[in-house]
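Note that the structure is predicted; figures quoted are calculated from it, not measured.
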Amino acid sequence: MKILVTGINGQVGWELLRQGPLHDCRIIGFAHNTLDITDSQAVSRELENNSPDLVINCGAYTAVDKAEAEEKKAWAVNRDGPAWLAASCAREHIPLIHLSTDYVFNGLASKPYTETSATAPLGVYGKSKAAGEEEVRAKLSNHLIIRTSWVYGIHGQNFVKTILRLVQEKEELKVVDDQWGCPTFAGDLALALLTMAKKIHTGQTNCWGTYHCCGATAVTWCAFATFILDLARKIHPVKVRNIIPITSEEYPTTAPRPKYSVLDCQKVYSVFGIRLPALSTSLDAFFAEQGK
Ligand SMILES: NC(=O)c1ccc[n+]([C@@H]2O[C@H](COP(=O)([O-])OP(=O)(O)OC[C@H]3O[C@@H](n4cnc5c(N)ncnc54)[C@H](OP(=O)(O)O)[C@@H]3O)[C@@H](O)[C@H]2O)c1
């Protein structure tokens, strides 16, 4: 099958480009500089010219703190971009898989969020992503909105790479221990997206709507850092002696973060049979790929 993917220089887009051919999928990939999803004419032209079987939108404005100052840009990419894609897909009768985020929630829950939980984003990034979801729902019935969380990939910058660098540079690390979420390996998510795409292509049509799809282990950032450190130690000596848990108040950020954004992924398992691995399994896979 032929899949058009936007944002292929990002963590998830890059994995789709890498894994697609391994799963009989031809990926027509566009980076930001070859297809800007905020350019409505370019979006409809590329969909028309390439006639893909399905589109996966990995293009997004993901700088959570910077979005507070660059509000206009965040809304253009995260709300208007998906709107143009969904409208073009509707015209061409092409299904769309659109990626969204756990940051559409305010984090005040005490049990995992389901797809029907009320959204209440805290910052510009989450608000613009929630608005993007609404645009997709309004413009195209044949869509999947896939909310994921705390993504780390081989390609691009992320928390795992930052911790791997810091454990070599510092004797002591202070890491936030009161925000909970589910780290998601971009490689696992890409495979899940390709599985969904293929099921749609081979006739699964009773599946349209919103899904949660993230790694199977809920942790705090501090616990996540400890997992990474334990694996890093097995590979080479590290400088760090201690990881010290701190509160969000001790590590202020420009944009507020949800304290608890654990996603319930039962629906994606029931409908597609997809369950992402536990954190230790995915981190092993990340280290194995990274070491190649
Ligand atoms: N990263 C996370 O922790 C996380 C968590 C939850 C959900 N998500 C969601 O998962 C999806 C993929 O995330 P990711 O981690 O792969 O993000 P990423 O690494 O930041 O990649 C996003 C890509 O989108 C591109 N982009 C930006 N503006 C664009 C535009 N106007 N048109 C086309 N492409 C554009 C960026 O290119 P430039 O860099 O060249 O601008 C970048 O390559 C996003 O929808 C994100 O909201 C991510």
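Looking at every heavy atom in both residues, Glu115 comes nearest to Arg147 through O-NH1, 4.0 Å. The shortest heavy-atom contact between Val136 and Pro82 is CG2-CB, 3.7 Å. The shortest non-hydrogen separation linking Gln19 to Gly187 is NE2-O, 3.0 Å. For the pair Gly132 and His98, the tightest heavy-atom approach, listed with the atom from each and the gap, is C-NE2, 4.4 Å.
The CG atom of Leu189 sits 8.0 Å away from atom CD1 of Ile146, with the distance rounded to the nearest 0.5 Å. Atom CG of residue Asn78 and atom CD of residue Glu135 lie 12.0 Å apart, to the nearest 0.5 angstrom. To the nearest 0.5 Å, atom CG of residue Leu17 and atom CD1 of residue Ile28 are 11.5 Å apart. Atom CD1 of Ile97 sits about 5.0 Å away from atom CG of Leu144, to the nearest 0.5 Å. Taking CD1 of Ile274 as the start and OG1 of Thr195 as the end, the distance is 5.0 Å to the nearest 0.5 Å. Note that CD1 of Ile163 and CD1 of Ile243 are 6.0 Å apart. Values are rounded to the nearest 0.5 Å.
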Problem - Check against side-chain contact (heavy atoms from CB on, under 4.5 Å), Asn142 and Leu96 - result: CA-CA 7 Å; Asn142 292 5; Leu96 170 68; over 6 Å; no

Exercise for the section: Tell me, with the steps shown, if Leu263 and Cys182 meet side-chain contact (heavy atoms from CB on, under 4.5 Å). Expected result: CA-CA 7 Å; Leu263 302 177; Cys182 297; 5.7 Å; no

Exercise for the section: Take Gln179 and Ser248, measure what side-chain hydrogen bond (donor to acceptor under 3.5 Å, both in side chains) needs, and give me the verdict at the end. Expected result: CA-CA 7 Å; Gln179 289 171 27; Ser248 303; 3.1 Å; yes

Practice task
Take Asp230 and Lys234 through the test side-chain contact (heavy atoms from CB on, under 4.5 Å) and record every step on the way to the result.
Solution key: CA-CA 7 Å; Asp230 289 345; Lys234 288 184 188 160; 5.8 Å; no

Handout entry: Worked check of side-chain contact (heavy atoms from CB on, under 4.5 Å) between Tyr113 and Val104
Key = CA-CA 10 Å; Tyr113 286 98; Val104 298; over 6 Å; no

Practice task
Please step through side-chain hydrogen bond (donor to acceptor under 3.5 Å, both in side chains) for the pair Asp80 and Thr38, ending with a clear verdict.
Solution key: CA-CA 6 Å; Asp80 303 343; Thr38 67; over 6 Å; no

Practice task
Under the salt bridge (charged side-chain N to carboxylate O under 4.0 Å, His left out) rule, what do Glu48 and Arg45 come out as? Steps first, then yes or no, please.
Solution key: CA-CA 5 Å; Glu48 248 178 77; Arg45 187 182 59 240; over 6 Å; no

Practice task
Give the C-alpha distance, both sets of side-chain angles, the deciding distance and a yes or no for side-chain hydrogen bond (donor to acceptor under 3.5 Å, both in side chains) between Thr220 and Asp177.
Solution key: CA-CA 5 Å; Thr220 65; Asp177 199 34; 2.6 Å; yes

Exercise for the section: Show your working on ring-ring contact (aromatic ring centres under 6.0 Å, His included) between His212 and Tyr269 and close with a plain yes or no. Expected result: CA-CA 10 Å; His212 291 172; Tyr269 180 66; over 10 Å; no

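For the ring pair (Phe, Tyr, Trp, His ring centres under 6.0 Å) condition, the pairs that include at least one residue of residues 12-39, sequence neighbours left out, are Trp14-His155. For residues 163-196, the set of pairs meeting the ring pair (Phe, Tyr, Trp, His ring centres under 6.0 Å) definition, not counting sequence neighbours, comprises Tyr152-Phe185.
For an aromatic pair to be called close, the ring centres must be under 6.0 Å apart, and Phe272 with Tyr211 satisfies this. Here the two rings, on Trp150 and Phe159, have centers that are 6.0 Å apart or farther.
In this structure, a donor-acceptor pair under 3.5 Å is absent between the side chains of Asp178 and Thr247. A donor atom on one side chain and an acceptor atom on the other are not found under 3.5 Å apart for Glu133 and Thr210. Side-chain atoms of Ser88 and Arg91 include a donor-acceptor pair closer than 3.5 Å. Side-chain contact, Tyr61 with Glu70: a donor N or O sits under 3.5 Å from an acceptor N or O. If you check the side chains of His236 and Gln168, you find a donor sitting under 3.5 Å from an acceptor.
Crowding of Trp75 atom CH2: a count of heavy atoms from other residues, nucleotides or ligands under 6.0 Å exceeding 12. The local environment of CZ in Arg241 is sparse, with at most 12 non-hydrogen atoms from other residues, nucleotides or ligands closer than 6.0 Å.
The hydrophobic clustering, which links ILVMFWY residues whose side-chain heavy atoms are closer than 4.5 Å, places Trp221 and Val167 together. Both Ile200 and Leu99 are part of a single hydrophobic cluster, where members link through side-chain heavy atoms under 4.5 Å apart. Val5 is connected to Met196 through a chain of hydrophobic side-chain contacts under 4.5 Å among Ile, Leu, Val, Met, Phe, Trp and Tyr, so both are in one cluster. The hydrophobic clustering, which links ILVMFWY residues whose side-chain heavy atoms are closer than 4.5 Å, places Leu279 and Val175 together. Side-chain heavy atoms closer than 4.5 Å link hydrophobic residues (I, L, V, M, F, W, Y) into clusters, and following such links, even through other members, never connects Phe286 to Leu191.
Glu15 places no side-chain N or O within 3.5 Å of a backbone atom of Ile154 that could act as its donor or acceptor partner. Under a 3.5 Å cut-off, the side chain of Ser44 and the backbone N or O of Ser40 do form a donor-acceptor pair. Ser261 contributes no side-chain N or O that, together with a main-chain N or O of Gly107, makes up a donor-acceptor pair within less than 3.5 Å. With Lys139 contributing its side chain and Glu134 its backbone, the two residues share no donor-acceptor pair below 3.5 Å. When atom types are taken as modelled, the side chain of Thr184 and the backbone of Ser149 share a donor-acceptor pair closer than 3.5 angstrom. The backbone N or O of Pro52 lies less than 3.5 Å from no partner atom in the side chain of Asn50, so there is not a single donor-acceptor pair. At distances below 3.5 Å, not a single donor-acceptor pair connects side-chain atoms of Thr281 with backbone N or O atoms of Pro277. Formation of a donor-acceptor pair under 3.5 Å by the Gln11 side chain with backbone atoms of Gly156 is not found in this model. With Asn242 contributing its side chain and Ile244 its backbone, the two residues share no donor-acceptor pair below 3.5 Å. In this structure a side-chain-to-backbone donor-acceptor pair under 3.5 Å is present from Ser128 to Tyr125.
A salt bridge between Glu289 and Arg18 is present, with a side-chain N of the basic residue lying under 4.0 Å from a carboxylate O of the acidic one.
In terms of the salt bridge (Lys or Arg N to Asp or Glu O under 4.0 Å) criterion, residue partners of Arg257 (sequence neighbours excluded) are, by chain and number, Asp65.
Test Thr34, Asn57, Asp36 against Thr6 for side-chain hydrogen bond (donor to acceptor under 3.5 Å, both in side chains) and you get one pass: Asn57.
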